[in-house]
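Read through the structure below, which is laid out as C-alpha coordinates, and then see the notes.
Only a predicted model underlies this, so the values are computations on that prediction, with no experimental measurement involved.
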Amino acid sequence: MNRRELILVVGAVAANSALRPVRAASGDADNLTRWAAKAETLKPTLVETPQLPIDLVRAVAAADLPLRFRMEREAAANELAKRVLRKGASVIVDFGGHRTGYLSFHLATEGRAPDAPVRLRLTFGEVPTDVAEPLYPYNGQLSQAWLPDELVNIDYLPQSVRLARRYAFRYVKIEVLDTSPEFGIRIEDLTAHAVTSARGTPPPLAGVTPLIRRIDEVALATLRDCMQTTFEDGPRRDQRLWIGDLRLQALTNYHSFRQNDLVQRCLYLFAALPRADGLVAACVFEKPAARYGGLHIVDYAALFNVALFDYVAATADVDTGRDLWPVALRQLEILSRDIDAEGRYVDPGNMWIFIDWAQKLDRNASIQAVLLFAYKQTLALARKLGRAAEVPGYAPRIEQMTRAARKYYWDAAKNVFVSGAGKQVSWASQAWMTIAGVGSTHECAAALRNAIADPAAQQPVTPYLYHYVVEALLLAGLKKEARALLEKYWGGMIAAGADTFWEIYDPAQPLSSPYGDIHINSYCHAWSCTPAYLLRSGQLT
(Lines give C-alpha, C1' and ligand atoms only; values in the text may rest on other atoms or scores of the structure.)
Protein backbone atom coordinates (compact mmCIF):
# COMPACT_ATOMS: atom_id res chain seq x y z
CA MET A 1 0.00 0.00 0.00
CA ASN A 2 1.48 3.38 -0.99
CA ARG A 3 1.19 6.63 0.93
CA ARG A 4 -1.81 7.89 -1.01
CA GLU A 5 -3.71 4.66 -0.39
CA LEU A 6 -2.81 4.79 3.29
CA ILE A 7 -4.03 8.35 3.61
CA LEU A 8 -7.32 7.52 1.90
CA VAL A 9 -7.96 4.55 4.20
CA VAL A 10 -6.88 6.25 7.39
CA GLY A 11 -8.57 9.48 6.40
CA ALA A 12 -11.88 7.70 5.93
CA VAL A 13 -11.62 6.12 9.38
CA ALA A 14 -10.65 9.49 10.88
CA ALA A 15 -13.52 11.27 9.14
CA ASN A 16 -16.00 8.87 10.69
CA SER A 17 -14.36 9.28 14.08
CA ALA A 18 -14.44 13.04 13.80
CA LEU A 19 -18.24 12.94 13.57
CA ARG A 20 -18.49 11.57 17.09
CA PRO A 21 -18.20 13.87 20.11
CA VAL A 22 -14.58 14.24 21.15
CA ARG A 23 -13.84 13.66 24.79
CA ALA A 24 -10.71 13.83 26.90
CA ALA A 25 -8.77 10.66 27.57
CA SER A 26 -9.56 11.04 31.25
CA GLY A 27 -13.28 11.12 30.53
CA ASP A 28 -13.51 14.78 31.53
CA ALA A 29 -14.41 16.83 28.44
CA ASP A 30 -13.36 20.00 30.23
CA ASN A 31 -9.77 18.87 29.94
CA LEU A 32 -9.82 19.39 26.19
CA THR A 33 -10.76 23.04 26.55
CA ARG A 34 -8.26 23.57 29.34
CA TRP A 35 -5.43 21.89 27.42
CA ALA A 36 -6.21 23.93 24.30
CA ALA A 37 -6.18 27.13 26.35
CA LYS A 38 -2.86 26.13 27.92
CA ALA A 39 -1.36 25.55 24.48
CA GLU A 40 -2.49 28.99 23.39
CA THR A 41 -0.76 30.67 26.35
CA LEU A 42 2.48 29.02 25.24
CA LYS A 43 2.32 30.31 21.67
CA PRO A 44 5.63 32.07 20.95
CA THR A 45 6.26 35.37 19.21
CA LEU A 46 8.19 34.98 15.99
CA VAL A 47 11.44 36.82 15.42
CA GLU A 48 11.71 38.41 11.96
CA THR A 49 15.14 39.10 10.46
CA PRO A 50 15.51 40.96 7.13
CA GLN A 51 18.21 39.52 4.88
CA LEU A 52 19.62 40.77 1.57
CA PRO A 53 20.65 38.50 -1.30
CA ILE A 54 24.34 37.85 -1.89
CA ASP A 55 24.56 36.89 -5.57
CA LEU A 56 22.85 36.48 -8.88
CA VAL A 57 23.44 32.92 -10.00
CA ARG A 58 22.78 30.48 -12.83
CA ALA A 59 22.06 26.77 -12.65
CA VAL A 60 24.55 24.40 -14.24
CA ALA A 61 23.90 20.71 -14.90
CA ALA A 62 26.02 18.54 -12.60
CA ALA A 63 25.77 14.81 -13.19
CA ASP A 64 27.98 14.17 -10.16
CA LEU A 65 25.46 15.67 -7.71
CA PRO A 66 22.38 13.82 -6.42
CA LEU A 67 20.00 16.61 -7.43
CA ARG A 68 21.60 17.18 -10.86
CA PHE A 69 22.43 20.90 -10.61
CA ARG A 70 24.84 23.28 -8.98
CA MET A 71 24.77 27.06 -8.84
CA GLU A 72 27.47 29.31 -10.31
CA ARG A 73 27.86 32.99 -9.50
CA GLU A 74 26.84 35.30 -12.30
CA ALA A 75 27.06 38.72 -10.65
CA ALA A 76 26.84 40.53 -7.35
CA ALA A 77 23.34 40.90 -5.97
CA ASN A 78 23.45 44.70 -6.21
CA GLU A 79 23.49 44.35 -10.00
CA LEU A 80 19.84 43.32 -9.91
CA ALA A 81 18.58 46.85 -9.23
CA LYS A 82 20.57 48.12 -12.24
CA ARG A 83 19.08 45.66 -14.72
CA VAL A 84 16.12 46.66 -16.84
CA LEU A 85 13.95 43.57 -17.25
CA ARG A 86 11.39 43.10 -20.00
CA LYS A 87 9.04 40.34 -21.09
CA GLY A 88 10.86 37.02 -21.22
CA ALA A 89 13.67 38.05 -18.88
CA SER A 90 14.55 35.97 -15.85
CA VAL A 91 17.06 35.98 -13.04
CA ILE A 92 17.94 33.70 -10.10
CA VAL A 93 18.83 35.32 -6.79
CA ASP A 94 20.82 33.54 -4.07
CA PHE A 95 20.31 34.54 -0.43
CA GLY A 96 23.29 32.43 0.67
CA GLY A 97 21.44 30.03 2.97
CA HIS A 98 18.08 28.56 3.82
CA ARG A 99 15.37 30.47 5.60
CA THR A 100 11.66 30.27 6.31
CA GLY A 101 9.95 33.55 5.61
CA TYR A 102 8.60 36.18 3.28
CA LEU A 103 9.81 38.18 0.28
CA SER A 104 9.50 41.88 -0.41
CA PHE A 105 10.75 44.13 -3.20
CA HIS A 106 10.16 47.48 -4.91
CA LEU A 107 9.27 47.66 -8.59
CA ALA A 108 10.55 50.71 -10.45
CA THR A 109 10.19 51.37 -14.17
CA GLU A 110 12.32 52.54 -17.11
CA GLY A 111 10.92 54.02 -20.31
CA ARG A 112 7.51 55.44 -20.99
CA ALA A 113 5.07 55.80 -18.12
CA PRO A 114 3.60 52.37 -17.26
CA ASP A 115 0.52 51.58 -19.33
CA ALA A 116 -0.05 47.96 -18.29
CA PRO A 117 0.37 45.66 -15.31
CA VAL A 118 3.48 43.59 -14.77
CA ARG A 119 3.05 39.85 -14.42
CA LEU A 120 5.82 37.96 -12.60
CA ARG A 121 6.36 34.33 -11.74
CA LEU A 122 8.43 33.84 -8.60
CA THR A 123 9.76 30.36 -7.87
CA PHE A 124 11.27 29.67 -4.47
CA GLY A 125 14.01 27.07 -4.18
CA GLU A 126 15.38 25.22 -1.20
CA VAL A 127 17.78 23.43 -3.57
CA PRO A 128 18.98 24.26 -7.11
CA THR A 129 16.62 21.73 -8.72
CA ASP A 130 13.62 23.78 -7.59
CA VAL A 131 14.59 26.75 -9.77
CA ALA A 132 16.74 25.03 -12.39
CA GLU A 133 14.01 22.98 -14.04
CA PRO A 134 10.27 23.44 -14.57
CA LEU A 135 7.92 22.47 -11.77
CA TYR A 136 5.29 21.53 -14.36
CA PRO A 137 3.99 19.16 -15.57
CA TYR A 138 3.68 17.96 -12.00
CA ASN A 139 3.32 14.22 -11.41
CA GLY A 140 3.04 14.02 -7.63
CA GLN A 141 0.31 12.59 -5.44
CA LEU A 142 0.07 15.57 -3.11
CA SER A 143 -1.67 18.80 -4.04
CA GLN A 144 0.33 20.89 -6.49
CA ALA A 145 -0.82 23.93 -4.53
CA TRP A 146 2.18 23.14 -2.29
CA LEU A 147 4.62 23.79 -5.14
CA PRO A 148 6.79 26.80 -4.25
CA ASP A 149 5.82 29.26 -6.95
CA GLU A 150 3.74 32.41 -7.11
CA LEU A 151 2.10 34.26 -10.00
CA VAL A 152 2.03 37.97 -9.15
CA ASN A 153 0.25 40.78 -11.01
CA ILE A 154 1.23 44.33 -10.10
CA ASP A 155 -1.23 46.79 -11.60
CA TYR A 156 0.20 50.14 -10.57
CA LEU A 157 3.84 51.14 -10.78
CA PRO A 158 6.11 52.05 -9.16
CA GLN A 159 5.07 50.00 -6.13
CA SER A 160 6.48 48.15 -3.15
CA VAL A 161 5.34 44.55 -2.80
CA ARG A 162 5.44 42.06 0.06
CA LEU A 163 4.16 38.58 -0.72
CA ALA A 164 1.59 37.32 1.75
CA ARG A 165 2.53 33.66 1.49
CA ARG A 166 5.38 32.27 3.59
CA TYR A 167 8.01 30.19 1.81
CA ALA A 168 11.05 28.07 2.61
CA PHE A 169 13.91 29.06 0.33
CA ARG A 170 17.48 29.95 -0.45
CA TYR A 171 16.98 30.80 -4.13
CA VAL A 172 14.34 32.89 -5.88
CA LYS A 173 13.82 32.72 -9.62
CA ILE A 174 12.09 35.82 -10.99
CA GLU A 175 10.52 35.61 -14.45
CA VAL A 176 8.90 38.53 -16.25
CA LEU A 177 5.94 36.87 -17.94
CA ASP A 178 4.47 40.01 -19.45
CA THR A 179 4.34 43.76 -19.42
CA SER A 180 3.95 46.55 -21.94
CA PRO A 181 6.66 46.84 -24.62
CA GLU A 182 6.81 50.53 -23.77
CA PHE A 183 8.64 50.13 -20.48
CA GLY A 184 10.88 47.84 -18.48
CA ILE A 185 11.13 47.18 -14.77
CA ARG A 186 13.88 47.27 -12.18
CA ILE A 187 13.68 45.18 -9.01
CA GLU A 188 15.00 47.13 -6.07
CA ASP A 189 15.37 46.41 -2.35
CA LEU A 190 14.78 42.67 -2.75
CA THR A 191 14.65 41.37 0.82
CA ALA A 192 13.94 38.07 2.54
CA HIS A 193 12.27 38.29 5.93
CA ALA A 194 13.26 35.16 7.85
CA VAL A 195 10.96 34.12 10.69
CA THR A 196 11.51 31.66 13.51
CA SER A 197 10.63 31.25 17.17
CA ALA A 198 14.21 30.19 17.94
CA ARG A 199 16.15 32.69 20.02
CA GLY A 200 19.86 33.19 19.42
CA THR A 201 22.35 30.76 17.97
CA PRO A 202 23.89 27.92 19.99
CA PRO A 203 27.70 28.18 20.26
CA PRO A 204 29.65 26.16 17.69
CA LEU A 205 31.06 22.79 18.61
CA ALA A 206 34.69 22.86 19.67
CA GLY A 207 37.36 20.28 18.96
CA VAL A 208 35.57 18.57 16.08
CA THR A 209 36.41 18.01 12.42
CA PRO A 210 35.24 20.51 9.79
CA LEU A 211 32.73 17.95 8.49
CA ILE A 212 31.21 17.35 11.92
CA ARG A 213 31.05 21.10 12.57
CA ARG A 214 29.25 21.62 9.26
CA ILE A 215 26.82 18.75 9.90
CA ASP A 216 25.98 20.33 13.28
CA GLU A 217 25.48 23.78 11.70
CA VAL A 218 23.14 22.44 9.04
CA ALA A 219 21.22 20.39 11.61
CA LEU A 220 20.72 23.51 13.73
CA ALA A 221 19.58 25.51 10.70
CA THR A 222 17.08 22.75 9.94
CA LEU A 223 15.62 22.90 13.43
CA ARG A 224 15.63 26.71 13.49
CA ASP A 225 13.66 27.03 10.27
CA CYS A 226 11.09 24.45 11.47
CA MET A 227 10.60 26.30 14.77
CA GLN A 228 7.59 28.45 14.11
CA THR A 229 4.55 28.76 16.40
CA THR A 230 4.77 24.97 16.62
CA PHE A 231 7.55 22.58 15.68
CA GLU A 232 6.61 22.19 12.03
CA ASP A 233 7.60 19.05 10.16
CA GLY A 234 8.69 21.09 7.15
CA PRO A 235 8.15 24.77 6.29
CA ARG A 236 7.92 24.03 2.55
CA ARG A 237 4.94 21.69 2.72
CA ASP A 238 2.41 20.39 5.27
CA GLN A 239 3.57 22.99 7.83
CA ARG A 240 1.99 20.78 10.45
CA LEU A 241 2.91 19.41 13.82
CA TRP A 242 3.59 15.65 13.67
CA ILE A 243 4.43 13.50 16.69
CA GLY A 244 7.31 11.63 15.08
CA ASP A 245 9.02 14.86 14.04
CA LEU A 246 8.21 16.54 17.36
CA ARG A 247 9.98 13.88 19.39
CA LEU A 248 13.22 14.30 17.43
CA GLN A 249 12.97 18.10 17.28
CA ALA A 250 12.41 18.26 21.02
CA LEU A 251 15.46 16.09 21.76
CA THR A 252 17.60 18.37 19.62
CA ASN A 253 16.04 21.49 21.13
CA TYR A 254 16.94 20.41 24.69
CA HIS A 255 20.62 20.54 23.69
CA SER A 256 20.54 23.63 21.46
CA PHE A 257 17.91 26.40 21.42
CA ARG A 258 16.22 25.26 24.67
CA GLN A 259 12.81 26.68 23.72
CA ASN A 260 11.13 24.21 26.05
CA ASP A 261 7.86 26.13 26.16
CA LEU A 262 7.44 25.27 22.48
CA VAL A 263 7.74 21.57 23.25
CA GLN A 264 5.20 21.97 26.04
CA ARG A 265 2.82 23.80 23.69
CA CYS A 266 3.01 21.00 21.15
CA LEU A 267 2.32 18.31 23.74
CA TYR A 268 -0.76 20.22 24.90
CA LEU A 269 -2.01 20.62 21.32
CA PHE A 270 -1.90 16.87 20.80
CA ALA A 271 -3.65 16.31 24.13
CA ALA A 272 -6.38 18.81 23.26
CA LEU A 273 -7.18 17.45 19.79
CA PRO A 274 -7.55 13.64 19.95
CA ARG A 275 -9.79 11.19 18.20
CA ALA A 276 -13.18 10.56 19.82
CA ASP A 277 -11.82 7.72 21.92
CA GLY A 278 -8.76 9.67 23.12
CA LEU A 279 -6.15 8.37 20.65
CA VAL A 280 -3.86 11.25 19.79
CA ALA A 281 -3.76 12.30 16.16
CA ALA A 282 -0.51 11.77 14.26
CA CYS A 283 -0.63 15.45 13.34
CA VAL A 284 -2.58 18.56 14.19
CA PHE A 285 -3.33 21.64 12.15
CA GLU A 286 -2.61 24.99 13.74
CA LYS A 287 -4.05 27.57 11.33
CA PRO A 288 -6.38 29.34 11.01
CA ALA A 289 -7.20 27.73 14.34
CA ALA A 290 -5.87 24.61 16.03
CA ARG A 291 -7.83 21.54 14.95
CA TYR A 292 -7.80 17.76 14.86
CA GLY A 293 -5.46 16.37 12.20
CA GLY A 294 -7.57 13.40 11.10
CA LEU A 295 -4.69 10.94 10.64
CA HIS A 296 -3.51 8.25 13.08
CA ILE A 297 -0.26 6.32 13.08
CA VAL A 298 0.33 3.48 15.51
CA ASP A 299 4.00 4.26 16.15
CA TYR A 300 3.34 7.99 16.49
CA ALA A 301 0.61 7.48 19.08
CA ALA A 302 3.01 5.33 21.09
CA LEU A 303 5.77 7.92 20.70
CA PHE A 304 3.58 10.61 22.27
CA ASN A 305 4.27 8.88 25.58
CA VAL A 306 7.99 8.76 24.85
CA ALA A 307 8.03 12.46 23.95
CA LEU A 308 6.23 13.29 27.20
CA PHE A 309 8.77 11.25 29.18
CA ASP A 310 11.64 13.00 27.35
CA TYR A 311 10.12 16.40 28.17
CA VAL A 312 9.74 15.67 31.88
CA ALA A 313 13.24 14.19 32.05
CA ALA A 314 14.77 17.22 30.28
CA THR A 315 12.85 19.95 32.12
CA ALA A 316 11.85 18.40 35.47
CA ASP A 317 8.36 19.81 34.76
CA VAL A 318 6.45 17.13 36.63
CA ASP A 319 3.31 19.31 36.74
CA THR A 320 2.90 19.05 32.97
CA GLY A 321 3.72 15.35 33.18
CA ARG A 322 0.96 14.80 35.73
CA ASP A 323 -1.49 16.94 33.80
CA LEU A 324 -0.98 14.91 30.62
CA TRP A 325 -0.55 11.55 32.33
CA PRO A 326 -4.13 10.47 31.50
CA VAL A 327 -3.37 11.03 27.82
CA ALA A 328 -0.33 8.76 28.01
CA LEU A 329 -2.33 6.09 29.80
CA ARG A 330 -5.04 6.23 27.18
CA GLN A 331 -2.63 5.66 24.28
CA LEU A 332 -1.49 2.31 25.61
CA GLU A 333 -5.00 1.32 26.63
CA ILE A 334 -6.12 1.73 23.03
CA LEU A 335 -3.06 0.28 21.32
CA SER A 336 -2.92 -2.73 23.65
CA ARG A 337 -6.22 -3.99 22.24
CA ASP A 338 -4.22 -5.38 19.32
CA ILE A 339 -1.66 -7.17 21.50
CA ASP A 340 -2.49 -10.86 21.65
CA ALA A 341 -2.33 -13.28 24.59
CA GLU A 342 1.35 -13.98 23.93
CA GLY A 343 2.28 -10.31 23.94
CA ARG A 344 2.65 -9.86 20.18
CA TYR A 345 1.17 -6.86 18.42
CA VAL A 346 -1.08 -8.06 15.59
CA ASP A 347 -1.70 -5.40 12.98
CA PRO A 348 -5.47 -5.06 12.47
CA GLY A 349 -4.84 -3.34 9.15
CA ASN A 350 -7.01 -0.31 9.84
CA MET A 351 -4.34 2.16 10.93
CA TRP A 352 -1.11 3.40 9.43
CA ILE A 353 2.21 2.03 10.72
CA PHE A 354 4.93 4.35 9.48
CA ILE A 355 8.50 3.48 10.66
CA ASP A 356 9.99 4.74 7.36
CA TRP A 357 9.06 5.58 3.76
CA ALA A 358 10.75 2.41 2.45
CA GLN A 359 7.92 0.87 0.45
CA LYS A 360 9.05 -2.77 0.81
CA LEU A 361 9.73 -2.60 4.54
CA ASP A 362 7.98 -5.25 6.64
CA ARG A 363 6.98 -3.40 9.79
CA ASN A 364 5.88 -6.23 12.11
CA ALA A 365 9.10 -6.49 14.11
CA SER A 366 9.59 -2.72 14.24
CA ILE A 367 6.11 -1.92 15.56
CA GLN A 368 6.43 -4.64 18.21
CA ALA A 369 9.62 -2.95 19.38
CA VAL A 370 8.20 0.59 19.24
CA LEU A 371 5.28 -0.42 21.44
CA LEU A 372 7.56 -2.25 23.85
CA PHE A 373 9.78 0.85 24.06
CA ALA A 374 6.70 2.99 24.70
CA TYR A 375 5.63 0.72 27.56
CA LYS A 376 9.09 0.98 29.11
CA GLN A 377 9.25 4.76 28.82
CA THR A 378 5.69 5.17 30.10
CA LEU A 379 6.56 3.06 33.14
CA ALA A 380 9.65 5.23 33.66
CA LEU A 381 7.39 8.30 33.40
CA ALA A 382 4.99 6.84 35.95
CA ARG A 383 7.87 6.42 38.39
CA LYS A 384 9.01 10.01 37.84
CA LEU A 385 5.49 11.26 38.49
CA GLY A 386 4.85 9.03 41.49
CA ARG A 387 2.15 7.16 39.57
CA ALA A 388 3.70 3.69 39.32
CA ALA A 389 0.96 2.21 41.52
CA GLU A 390 -1.54 3.10 38.79
CA VAL A 391 0.10 0.78 36.26
CA PRO A 392 0.80 -2.52 38.08
CA GLY A 393 0.36 -4.44 34.83
CA TYR A 394 3.09 -2.62 32.90
CA ALA A 395 6.08 -4.61 34.16
CA PRO A 396 4.44 -8.00 33.38
CA ARG A 397 3.34 -6.66 29.98
CA ILE A 398 6.91 -5.57 29.21
CA GLU A 399 8.23 -9.04 30.08
CA GLN A 400 5.51 -10.66 27.98
CA MET A 401 6.16 -8.45 24.93
CA THR A 402 9.89 -9.04 25.22
CA ARG A 403 9.38 -12.81 25.20
CA ALA A 404 7.09 -12.50 22.18
CA ALA A 405 9.63 -10.35 20.38
CA ARG A 406 12.32 -12.99 20.83
CA LYS A 407 10.01 -15.85 19.95
CA TYR A 408 8.68 -14.38 16.72
CA TYR A 409 11.44 -12.10 15.49
CA TRP A 410 14.85 -13.29 16.71
CA ASP A 411 16.70 -15.68 14.36
CA ALA A 412 19.39 -17.22 16.58
CA ALA A 413 20.97 -19.09 13.68
CA LYS A 414 21.56 -15.89 11.72
CA ASN A 415 22.05 -13.57 14.71
CA VAL A 416 19.55 -11.09 13.34
CA PHE A 417 15.96 -9.96 13.88
CA VAL A 418 13.60 -10.90 11.07
CA SER A 419 10.10 -9.68 10.24
CA GLY A 420 7.02 -11.01 8.49
CA ALA A 421 6.24 -14.20 6.65
CA GLY A 422 9.23 -13.65 4.38
CA LYS A 423 11.62 -13.31 7.36
CA GLN A 424 12.76 -9.97 6.03
CA VAL A 425 16.02 -8.56 7.39
CA SER A 426 15.97 -4.78 7.69
CA TRP A 427 17.91 -2.06 9.42
CA ALA A 428 14.64 -0.89 10.95
CA SER A 429 14.01 -4.18 12.77
CA GLN A 430 17.51 -4.24 14.25
CA ALA A 431 17.36 -0.59 15.28
CA TRP A 432 14.01 -0.71 17.05
CA MET A 433 14.63 -4.07 18.73
CA THR A 434 17.90 -2.67 20.07
CA ILE A 435 16.24 0.51 21.32
CA ALA A 436 13.51 -1.58 22.96
CA GLY A 437 16.15 -3.67 24.76
CA VAL A 438 15.25 -7.00 23.18
CA GLY A 439 18.39 -9.09 23.47
CA SER A 440 21.74 -8.47 25.08
CA THR A 441 24.12 -5.72 23.99
CA HIS A 442 26.25 -8.37 22.29
CA GLU A 443 23.27 -9.81 20.39
CA CYS A 444 22.07 -6.39 19.28
CA ALA A 445 25.54 -5.36 18.14
CA ALA A 446 25.81 -8.54 16.08
CA ALA A 447 22.33 -8.05 14.62
CA LEU A 448 23.07 -4.47 13.59
CA ARG A 449 26.40 -5.39 12.05
CA ASN A 450 24.91 -8.33 10.19
CA ALA A 451 22.04 -6.33 8.73
CA ILE A 452 24.21 -3.39 7.70
CA ALA A 453 26.66 -5.76 6.02
CA ASP A 454 23.88 -7.60 4.18
CA PRO A 455 23.33 -6.09 0.71
CA ALA A 456 19.90 -7.73 0.55
CA ALA A 457 18.71 -6.13 3.82
CA GLN A 458 16.06 -3.43 3.56
CA GLN A 459 17.75 -0.09 4.19
CA PRO A 460 16.22 3.19 5.41
CA VAL A 461 15.36 5.96 2.98
CA THR A 462 14.70 8.80 5.45
CA PRO A 463 16.79 10.66 8.02
CA TYR A 464 14.02 9.74 10.47
CA LEU A 465 14.92 6.05 10.46
CA TYR A 466 18.62 6.72 10.01
CA HIS A 467 18.49 8.57 13.33
CA TYR A 468 17.15 5.50 15.10
CA VAL A 469 19.79 3.32 13.45
CA VAL A 470 22.53 5.63 14.75
CA GLU A 471 20.89 5.66 18.19
CA ALA A 472 20.74 1.85 18.18
CA LEU A 473 24.41 1.58 17.22
CA LEU A 474 25.28 3.76 20.20
CA LEU A 475 23.14 1.67 22.55
CA ALA A 476 24.87 -1.46 21.24
CA GLY A 477 28.29 0.01 22.05
CA LEU A 478 29.18 0.63 18.40
CA LYS A 479 30.17 4.29 18.68
CA LYS A 480 32.72 4.13 15.86
CA GLU A 481 30.14 2.68 13.47
CA ALA A 482 27.52 5.21 14.62
CA ARG A 483 29.81 8.14 13.91
CA ALA A 484 30.83 6.71 10.53
CA LEU A 485 27.18 6.31 9.53
CA LEU A 486 26.33 9.86 10.58
CA GLU A 487 29.27 11.22 8.58
CA LYS A 488 28.39 9.13 5.52
CA TYR A 489 24.65 9.78 5.46
CA TRP A 490 24.24 13.37 6.64
CA GLY A 491 27.65 14.15 5.16
CA GLY A 492 26.30 12.92 1.83
CA MET A 493 23.66 15.65 1.93
CA ILE A 494 26.35 18.18 2.85
CA ALA A 495 28.40 17.07 -0.17
CA ALA A 496 25.30 17.57 -2.32
CA GLY A 497 25.12 21.20 -1.14
CA ALA A 498 22.49 20.95 1.59
CA ASP A 499 21.95 24.08 3.71
CA THR A 500 19.29 22.24 5.70
CA PHE A 501 18.72 18.49 5.85
CA TRP A 502 16.12 16.78 3.72
CA GLU A 503 12.88 14.88 4.23
CA ILE A 504 14.12 11.92 2.20
CA TYR A 505 17.61 10.99 1.06
CA ASP A 506 18.23 7.58 -0.41
CA PRO A 507 21.87 7.51 -1.59
CA ALA A 508 21.02 4.63 -3.94
CA GLN A 509 18.12 6.59 -5.50
CA PRO A 510 18.70 10.29 -4.79
CA LEU A 511 15.87 11.41 -7.09
CA SER A 512 13.25 9.29 -5.35
CA SER A 513 10.12 10.69 -3.75
CA PRO A 514 7.42 8.97 -1.69
CA TYR A 515 4.97 11.34 -3.40
CA GLY A 516 5.87 10.66 -7.05
CA ASP A 517 7.70 13.92 -7.84
CA ILE A 518 10.85 15.32 -6.22
CA HIS A 519 9.57 18.88 -6.57
CA ILE A 520 7.10 18.24 -3.76
CA ASN A 521 9.82 16.88 -1.44
CA SER A 522 10.78 18.96 1.57
CA TYR A 523 14.45 19.93 1.79
CA CYS A 524 14.26 21.37 5.28
CA HIS A 525 12.61 18.68 7.34
CA ALA A 526 12.33 18.42 11.09
CA TRP A 527 13.12 14.76 11.51
CA SER A 528 16.57 15.21 9.95
CA CYS A 529 17.90 17.66 12.58
CA THR A 530 19.13 15.10 15.12
CA PRO A 531 22.88 15.13 14.39
CA ALA A 532 22.94 18.26 16.55
CA TYR A 533 21.31 16.28 19.36
CA LEU A 534 23.62 13.29 19.01
CA LEU A 535 26.69 15.53 18.90
CA ARG A 536 25.71 18.09 21.55
CA SER A 537 24.51 15.49 24.03
CA GLY A 538 28.00 13.99 23.92
CA GLN A 539 26.92 10.64 22.52
CA LEU A 540 29.08 10.98 19.42
CA THR A 541 31.85 13.29 20.60
Checking the side chain of [X] only, and the main-chain atoms of [Y] only, is there a donor and an acceptor separated by less than 3.5 Å?
{"X": "Gln539", "Y": "Leu535", "result": "no"}
{"X": "Thr500", "Y": "Thr222", "result": "no"}
{"X": "Gln331", "Y": "Gly278", "result": "yes"}
{"X": "Asp323", "Y": "Val318", "result": "no"}
{"X": "Ser429", "Y": "Ser426", "result": "no"}
{"X": "Thr196", "Y": "Arg224", "result": "yes"}
{"X": "Gln228", "Y": "Asp225", "result": "yes"}
{"X": "Thr541", "Y": "Arg536", "result": "no"}

Before you tell me yes or no, could you show the steps for Arg449 and Glu481 under salt bridge (Lys or Arg N to Asp or Glu O under 4.0 Å), namely the whole-Å CA-CA distance, both residues' side-chain angles and the distance that decides it to 0.1 Å? CA-CA 9 Å; Arg449 281 176 166 153; Glu481 289 89 339; 2.9 Å; yes

May I ask you to check if Arg162 and Tyr102 form a cation-pi contact, with NZ or CZ under 6.0 angstrom from the six-membered ring centre and within 45° of the axis? yes

Between Phe285 and Arg291, is there a cation-pi geometry (under 6.0 Å to ring centre, at most 45° from the normal)? yes

Under 6.0 Å between ring centres, would you say that holds for Tyr515 and Trp357? yes

Taking the six-membered ring for Trp, are Phe95 and Phe169 closer than 6.0 Å centroid to centroid?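 Yes.
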
Any [X] side-chain heavy atom under 4.5 Å of [Y] side chain:
{"X": "Leu486", "Y": "Ile212", "value": "yes"}
{"X": "Phe231", "Y": "Leu262", "value": "yes"}
{"X": "Trp502", "Y": "Ile504", "value": "no"}

Of all heavy-atom pairs between Asp299 and Trp352, which one has the smallest distance, and what is that distance? OD1-O, 4.3 Å

Could you pull out the closest heavy-atom pair between Arg34 and Asn31, with the gap in Å? NH2-OD1, 2.8 Å

What side-chain donor-acceptor pairs closer than 3.5 Å can you find for residues 243-250, not counting sequence neighbours?
| unit_1 | atom_1 | unit_2 | atom_2 | d |
| --- | --- | --- | --- | --- |
| Arg247 | NE | Asp310 | OD2 | 2.7 |
| Arg247 | NH1 | Tyr468 | OH | 3.2 |
| Arg247 | NH2 | Asp310 | OD2 | 3.2 |
| Gln249 | NE2 | Glu232 | O | 3.0 |

Just one of Trp527, Trp242, Trp432 clears the ring pair (Phe, Tyr, Trp, His ring centres under 6.0 Å) bar with Phe354, so which one? Trp527

Which residue is it: Leu303, Leu385, Leu267? I am looking for the one with a side-chain contact (heavy atoms from CB on, under 4.5 Å) to Leu308. Leu267

For the pair Val60 and Phe69, evaluate side chain to side chain contact (heavy atoms under 4.5 Å, CB included) and give the outcome as yes or no after the intermediate values. CA-CA 5 Å; Val60 178; Phe69 294 94; over 6 Å; no

Qualifying residue for side chain to side chain donor-acceptor pair (under 3.5 Å) with Asn260, from Asp317, Thr315, Asn253: Asn253

